[in-house]
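In the text below, chain A, chain B and the rest are named by the order of the sequence lines, each starting its count at 1.
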Amino acid sequence: MAQSVKGTRDLFGNELEWFQRIEDTARRAFHRHGYSEIRTPILEEIEVFKRSVGESSDIVHKEMYDFKDKGDRHVAMRPENTAGVVRAVIQHQMLATSDPQLLYYIGPMFRYERMQAGRYRQFWQIGAESFQVSTPESEAESLVMLYDFLKELGLTQLTFSINSVGTPECRPAFHEAFRAFFKTREEQFCADCHRRIAENPLRVLDCKNERCQAALEGHPVLVDYLDEASRAHHERLKEILGALGIPFVENPRLVRGLDYYTRTAFEVLSSDLGAQSALLGGGRYDGLVKQLGGPQVAAFGWSIGLDRLAMLMQQLHGNAPRKPAPILIPLGASATLKAIQLARACWAQGLDLVLETRGANLKKALTTANRVGAPLALILGDGELEQGVVAVKDLAAGTQETWNLAEVPAKLSATRA
RNA sequence: GCGGAUGUAGCUCAGUUGGUUAGAGUACUGGAUUGUGAUUCCAGGUGUCGCCGGUUCAAAUCCGGUCAUCCGCCCCA
């Protein structure tokens with residue numbers, strides 16, 4: 001039997017209901033804040049990711065889902081969408097004016113990884129990117145949007161971890177201090193950290209090895225090495241988040257797995273997600289647009305894992321709420337013709353109504369109606385047809401009443417409210 | 001990429017030191033009831049025992065490979 005490709009899966013039923021509910025909630029939040037959707041290709045030239053995410057990152061290093069196409073182009077399935085959005089924004093000259101560009105996306109991403117619960121080769125992200133706004137206020141705006149979106153979904157226990165990773169100008173001073181610190185106790189660090197200290201010293205900070213974390217005790221803190229503007233930026237963001245009541249903690253060891261971040265970096269982890277605890281992350285990336293061939297502009301963004309968010313919703317709230325439609329059961333040929341016309345009148349008014357079209361007997365039809373959770377069964381047989389009525393059975397209560405055919409749409413409409 | 005497990009009915013799972021005809025619950029189908037579901041009673045399919053190969057008189061069981069899933073690490077969403 002044919003099977004879905006490893007690490008990919010079909011979305012349907014209850015899980016998809018959560019996906020849709022989350023997506024709808026996110027879209028409303030984005031639109032409230034003036035963000036516009038952008039849909040970029042799943043395939044990009046691999047260079048787009050190498051030049052943005054960073055050659056040294058694991059994503060490019062070992063997780064890229066890449067291949068050569070028939071034209072011998074080296075392409076990759078996008079592992080994240082910031083690079084693609086930046087490429088599109090440059091390609092379409094969307095930064096020709098100095099106006100802010102506020103964009104969001106929802107779509108599948110691909111990383112070639114070993115499978116685990118909550119970690120897939122095709123997974124979904126919802127994300128926001130804002131260009132040409134550099135202030136801490138703009139970051140707070142984006143974070144408030146994110147926070148209120150999560151709150152609307154009923155997630156109130158989440159705390160943002162934030163840090164500032166500085167700028168390319170002030171980071172060298174930190175690197176120097178940090179390497180000096182590392183040297184005083186380098187024998188206590190793992191092999192990976194020895195590799196990291198050379199390639200990307202910041203990543204030593206979030207090594208998961210307990211011994212390394214212990215060895216980091218008293219390490220130089222990034223925030224102390226920020227230039228004055230970055231420090232003020234960081235302080236102002238914290239001030240605003242505090243004033244808005246958004247729960248956050250400062251985490252001086254928070255660095256992100258992507259190389260392009262500057263100044264603000266943040267993430268949210270959830271212990272309810274098992275080993276794959278990262279739920280969302282983001283930050284400022286003021287250098288990336290230029291790095292990909294565009295103008296020097298400020299940029300800020302985040303993305304959230306839709307699969308993991310749906311998993312969280314399932315754990316916290318159980319199955320997604322859904323409301324099956326009432327079902328209309330005709331009995332006999334003449335009643336069936338009338339039933340189709342009646343259903344059409346209801347559909348024309350935007351009402352949900354499922355038509356039983358199998359010609360099934362009443363027993364079977366009611367069994368099905370009960371199983372799918374229909375709230376009402378409208379029964380239209382020859383007897384009802386003669387009297388111009390339908391029998392309406394409330395499947396939860398077991399009670400039954402009679403409606404005139406003409407008043408069915410209005411009555412259905414009333415029960416839906 | 002590294003390490004460790006699991007795979008039997010649609011679903012959740014039993015299945016003894018290898019033994020002849022493979023099980024339970026649930027779900028499903030039909031009937032008790034040809035116009036009344038969900039409750040009850042009766043009857044009944046539930047199947048490539050993941051796949052391929054090997055050992056054996058004999059494999060769901062042991063061995064190898066493979067595919068898929070799960071857990072830990074790495075990393076991330």
Side-chain angles (χ1 to χ4, degrees), chain A residues 1-9 13 22 53-54 56-64 78-82 105-127 190-193 195-196 200 203 206-210 212 254-258 267-270 273-282 301-312 327 329-332 335 356 359-385 390-400:
Chain A
M1 186 174 43
Q3 243 177 334
S4 52
V5 170
K6 184 185 179 80
T8 68
R9 68 202 207 288
I22 291 165
V53 178
S56 74
S57 70
D58 273 14
I59 289 177
V60 167
H61 194 234
K62 67 174 194 184
E63 294 167 2
M64 200 72 91
R78 60 186 186 193
E80 54 104 48
N81 207 22
T82 297
Y105 58 84
I106 299 176
M109 310 295 158
F110 300 82
R111 291 181 199 174
Y112 199 89
E113 292 196 271
R114 189 69 170 266
M115 294 303 302
Q116 226 169 299
R119 190 174 69 183
Y120 309 101
R121 288 185 176 177
Q122 176 179 341
F123 60 100
W124 292 68
Q125 284 188 335
I126 299 175
C190 66
D192 280 338
C193 281
R195 180 176 53 75
R196 293 188 185 109
N200 192 347
R203 299 209 53 79
D206 71 347
C207 181
K208 301 301 184 296
N209 189 312
E210 281 183 27
C212 295
L254 189 161
V255 297
R256 305 273 309 144
L258 289 63
E267 63 188 19
V268 172
L269 309 181
S270 171
L273 293 171
Q276 307 308 319
S277 59
L279 177 63
L280 66 92
W302 48 261
S303 68
I304 183 164
L306 187 42
D307 311 73
R308 290 178 187 178
L309 187 50
M311 192 189 308
L312 207 50
I327 189 162
I329 304 167
L331 302 167
E356 168 62 72
N361 63 39
L362 183 57
K363 183 188 180 71
K364 192 178 181 66
L366 282 174
T367 302
T368 300
N370 184 61
R371 190 148 55 218
V372 302
L376 296 178
L378 281 59
I379 302 161
L380 181 59
D382 290 336
E384 285 82 6
L385 192 58
V390 285
V392 179
K393 178 154 190 154
D394 183 321
L395 288 166
T399 57
Q400 192 163 320

Using atom [atom1] of each nucleotide, how far apart are [N] and [M] to the nearest Å?
{"N": "B/rA14", "M": "B/rA77", "atom1": "C1'", "result": "38 Å"}
{"N": "B/rG53", "M": "B/rU69", "atom1": "C1'", "result": "23 Å"}
{"N": "B/rU21", "M": "B/rA38", "atom1": "P", "result": "39 Å"}
{"N": "B/rC52", "M": "B/rC57", "atom1": "C1'", "result": "23 Å"}
{"N": "B/rC71", "M": "B/rG64", "atom1": "P", "result": "25 Å"}
{"N": "B/rG19", "M": "B/rU66", "atom1": "P", "result": "28 Å"}

message = Looking at A/Asp307 and A/Arg9, is there a salt bridge between them, counting it only when a charged N and a carboxylate O are closer than 4.0 Å?
response =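 Salt bridge present between A/Arg9 and A/Asp307.
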Considering every strand and a 4.0 Å limit on heavy-atom distances, what is the contact class for [X]: base, sugar-phosphate, or nothing?
{"X": "A/Gly7", "result": "sugar-phosphate"}
{"X": "A/Asn81", "result": "nothing"}
{"X": "A/Arg111", "result": "base"}
{"X": "A/Asp307", "result": "nothing"}

query = Using the rule for Phe, Tyr, His and the six-membered ring of Trp, do A/Trp124 and B/rA77 stack at under 5.5 Å and under 30°?
reply =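 The ring of A/Trp124 is not stacked on B/rA77.
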Kindly indicate whether the side chain of [X] and the base of [N] share any N or O donor-acceptor pair separated by less than 3.5 Å?
{"X": "A/Arg308", "N": "B/rC76", "value": "yes"}
{"X": "A/Lys6", "N": "B/rC67", "value": "no"}
{"X": "A/Glu267", "N": "B/rA77", "value": "no"}

query = With pairs taken as Watson-Crick or G-U wobble and both distances under 3.5 angstrom, which stems of at least three consecutive pairs involve RNA chain B?
reply =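 Runs of three or more consecutive pairs: B:1-7 with B:67-73, B:10-13 with B:23-26, B:28-32 with B:40-44, B:50-54 with B:62-66.
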message = Side chain of A/Arg119, heavy atoms from C-beta onward: which of B/rU69, B/rG35, B/rA77 has the nearest atom to it?
response =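 Selected nucleotide: B/rA77.
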query = With respect to the phosphate group of B/rC76, does any side-chain polar atom (N or O) of A/Arg203 fall under 4.0 Å of OP1 or OP2?
reply =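 It does, given that an N or O in the side chain of A/Arg203 lies less than 4.0 Å from OP1 or OP2 of B/rC76.
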Distances for protein N/O vs nucleotides 5-10 of chain B N/O pairs under 3.5 angstrom?
none

With 3.5 Å as the limit, what N/O pairs link the protein to nucleotides 36-40 of chain B?
| unit_1 | atom_1 | unit_2 | atom_2 | d |
| --- | --- | --- | --- | --- |
| B/rU36 | O2 | A/Lys393 | NZ | 2.8 |
| B/rU36 | O2 | A/Gln400 | OE1 | 3.4 |
| B/rU36 | N3 | A/Gln400 | OE1 | 2.9 |
| B/rU36 | N3 | A/Gln400 | NE2 | 3.4 |
| B/rU36 | O4 | A/Gln400 | NE2 | 2.9 |
| B/rG37 | O2' | A/Leu366 | O | 3.4 |
| B/rG37 | N7 | A/Lys393 | NZ | 3.4 |
| B/rG37 | N1 | A/Leu395 | O | 2.6 |
| B/rG37 | N2 | A/Asn370 | OD1 | 2.7 |
| B/rG37 | N2 | A/Leu395 | O | 2.2 |
| B/rG37 | N3 | A/Asn370 | OD1 | 3.4 |
| B/rA38 | O4' | A/Asn370 | ND2 | 2.9 |

